[in-house]
Amino acid sequence: MPRETKSALKARALTILERLEAAYPEATTALNWTTPWELLAATILSAQCTDDKVNEVTADLFRAYPTPTHYAEADLEALEQLVRPTGFYRNKAKSLVGAARAILENYGGEVPASMDQMLTLPGVARKTANVVLSHALRPDSPEGIAVDRHVARVTARLGLVPASANTPEKIEQVLMALIPRDHWTHFGDAVIWHGRRVCEARKPACDTCTLREVCPRKGLD
């Protein structure tokens, strides 16, 4: 297969974007939340855990700990037991307490609305920050694209991201250069939906995929 030019890659990326937006017009985060803090807490818990399991846990968690103040003052062992079903519960409980305290001490009790500020919070890397900023705080001016395992897998299969982009941060930078900024949030969400429903890790449904004609792999996985 001849090497794809930058202009051809850009054009194909835009076609992929159009098809994903047509296929998943309602795509958004699957996490349940009502406030920026709840989305932050849920996203921290979602690491190495399904969104469905996180939603089960946060149904009780958000009733018991409704605000950052409740987490900052929480008994750590009690909080650990509540979040235990999400896995890595000790680290996650510690991150929730640390993030809550940092928000109270440094940001007046409100989740900060910039990437640089978000990254000062314990347990928060760019993926978590992007989810919260793009869905809860700055939907019209995202600072990046949230890269989870689905986004990493699907964009690699589609040939949008080279093998050398082998970290979430590198993948994000490549995608940000290909996708118009005002589509970053929906693109990330739509790719995740596509990865869960069609382009699954073990057995992608290539025969029925809306991206088949613009995917270089065409079922080679």
Side-chain angles (χ1 to χ4, degrees), residues 6 9-10 13-14 16-18 20-21 24-49 51 54 58 68 71 92 95-96 98-156 158 160-162 164-196:
K6 289 184 179 180
L9 174 61
K10 180 79 171 183
L14 294 178
I16 288 170
L17 171 64
E18 292 174 359
L20 286 173
E21 291 188 335
Y24 310 107
E26 304 302 322
T28 187
T29 176
L31 296 170
N32 294 335
W33 61 281
T34 59
T35 67
W37 168 257
E38 287 186 354
L39 182 55
L40 173 57
T43 308
I44 289 174
L45 294 178
S46 70
Q48 302 298 312
C49 183
D51 290 347
V54 171
T58 56
Y71 291 83
K92 290 180 180 180
S95 293
L96 290 174
R101 290 176 177 173
I103 286 170
L104 291 168
E105 293 170 4
N106 301 324
Y107 302 110
E110 301 292 333
V111 177
S114 79
M115 178 63 71
D116 288 344
Q117 291 173 327
M118 286 285 291
L119 294 179
T120 68
L121 303 178
V124 176
R126 282 193 63 93
K127 180 256 186 177
T128 295
N130 275 320
V131 170
V132 178
L133 291 172
S134 62
H135 292 89
L137 295 170
R138 298 176 54 180
D140 296 326
S141 56
E143 293 198 44
I145 297 172
V147 176
D148 71 351
R149 66 186 186 279
H150 300 291
V151 172
R153 179 183 72 253
V154 173
T155 57
L158 289 169
L160 297 179
V161 178
S164 59
N166 54 9
T167 67
E169 292 77 14
K170 291 178 180 179
I171 294 170
E172 181 186 7
Q173 291 301 313
V174 171
L175 295 177
M176 287 166 63
L178 291 174
I179 304 300
R181 183 173 183 175
D182 57 344
H183 293 266
W184 284 354
T185 300
H186 192 262
F187 175 79
D189 290 335
V191 170
I192 290 171
W193 280 34
H194 190 68
R196 288 173 174 164

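None of these values were measured; they are calculated from a predicted model. In this chain, numbering begins with 1 at the start of the sequence shown.
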Are any of the side-chain nitrogens in E143 or R138 under 4.0 Å away from the carboxylate oxygens of its partner? yes

Rounded to the nearest 0.5 Å, what separates atom CZ in F187 from atom CD1 in I192? 10.5 Å

Taking all heavy atoms of I44 and all of P122, pick out the closest pair and write down the distance. CD1-O, 4.4 Å

Could you tell me whether the side chain of T120 and the main chain of Q117 form a donor-acceptor pair under 3.5 Å? yes

If I take atom CD1 from residue I179 and atom CD1 from residue I16, how far apart are they, to the nearest 0.5 angstrom? 7.5 Å

Separation between CD1 of I171 and CG of N166, rounded to the nearest 0.5 Å: 8.0 Å

I need the M118 CE to L137 CG distance, nearest 0.5 Å. 7.0 Å

Can you give me the closest heavy-atom contact between L119 and A129, atom names plus distance? CD2-CB, 4.4 Å

Does the side chain of I103 reach to within under 4.5 Å of the side chain of P112, using non-hydrogen atoms? yes

Any side-chain heavy atom of R101 sitting closer than 4.5 Å to one from N106? no

Has the side chain of K10 got a donor or acceptor atom that lies under 3.5 Å from a matching backbone atom of A177? yes

Show the nearest heavy-atom pair for residues A146 and K127, with the distance to one decimal. CB-O, 3.9 Å

Which pair of heavy atoms, one from K92 and one from C49, lies closest together, and at what distance? NZ-CB, 4.0 Å

Test side-chain contact (heavy atoms from CB on, under 4.5 Å) applied to T28 and H135, step by step: CA-CA 8 Å; T28 187; H135 292 89; 3.5 Å; yes

So which heavy atom on A30 is nearest to which on D51, and how close? CB-OD2, 3.5 Å

Side-chain donor/acceptor of W37 to backbone N/O of V111, under 3.5 Å: no

How long is the straight-line distance from CG of D148 back to OG of S46, given to the nearest 0.5 Å? 8.5 Å

Flag if over 12 foreign heavy atoms under 6.0 Å of CD, E169: yes

Any side-chain to backbone donor/acceptor pair from H186 onto Y24? Under 3.5 Å, distance only. yes

Under the side-chain contact (heavy atoms from CB on, under 4.5 Å) criterion, do L9 and L160 qualify, and how do the steps go? CA-CA 7 Å; L9 174 61; L160 297 179; 4.0 Å; yes

Just verifying a value: how many Å separate I145 CD1 and T185 OG1, rounded to the nearest 0.5 Å? 8.5 Å

Check the pair H150, V191 against side-chain contact (heavy atoms from CB on, under 4.5 Å), reporting the backbone distance first and the verdict last. CA-CA 7 Å; H150 300 291; V191 170; 5.6 Å; no

Please examine the side chains of L121 and L40, heavy atoms only from C-beta on, and report whether any two atoms are closer than 4.5 Å. yes

Chi angles and distances behind the side-chain contact (heavy atoms from CB on, under 4.5 Å) call for L175, V151: CA-CA 10 Å; L175 295 177; V151 172; 3.8 Å; yes

Write down the atom of P180, the atom of L14, and the distance for their closest heavy-atom approach. CD-CD2, 3.7 Å

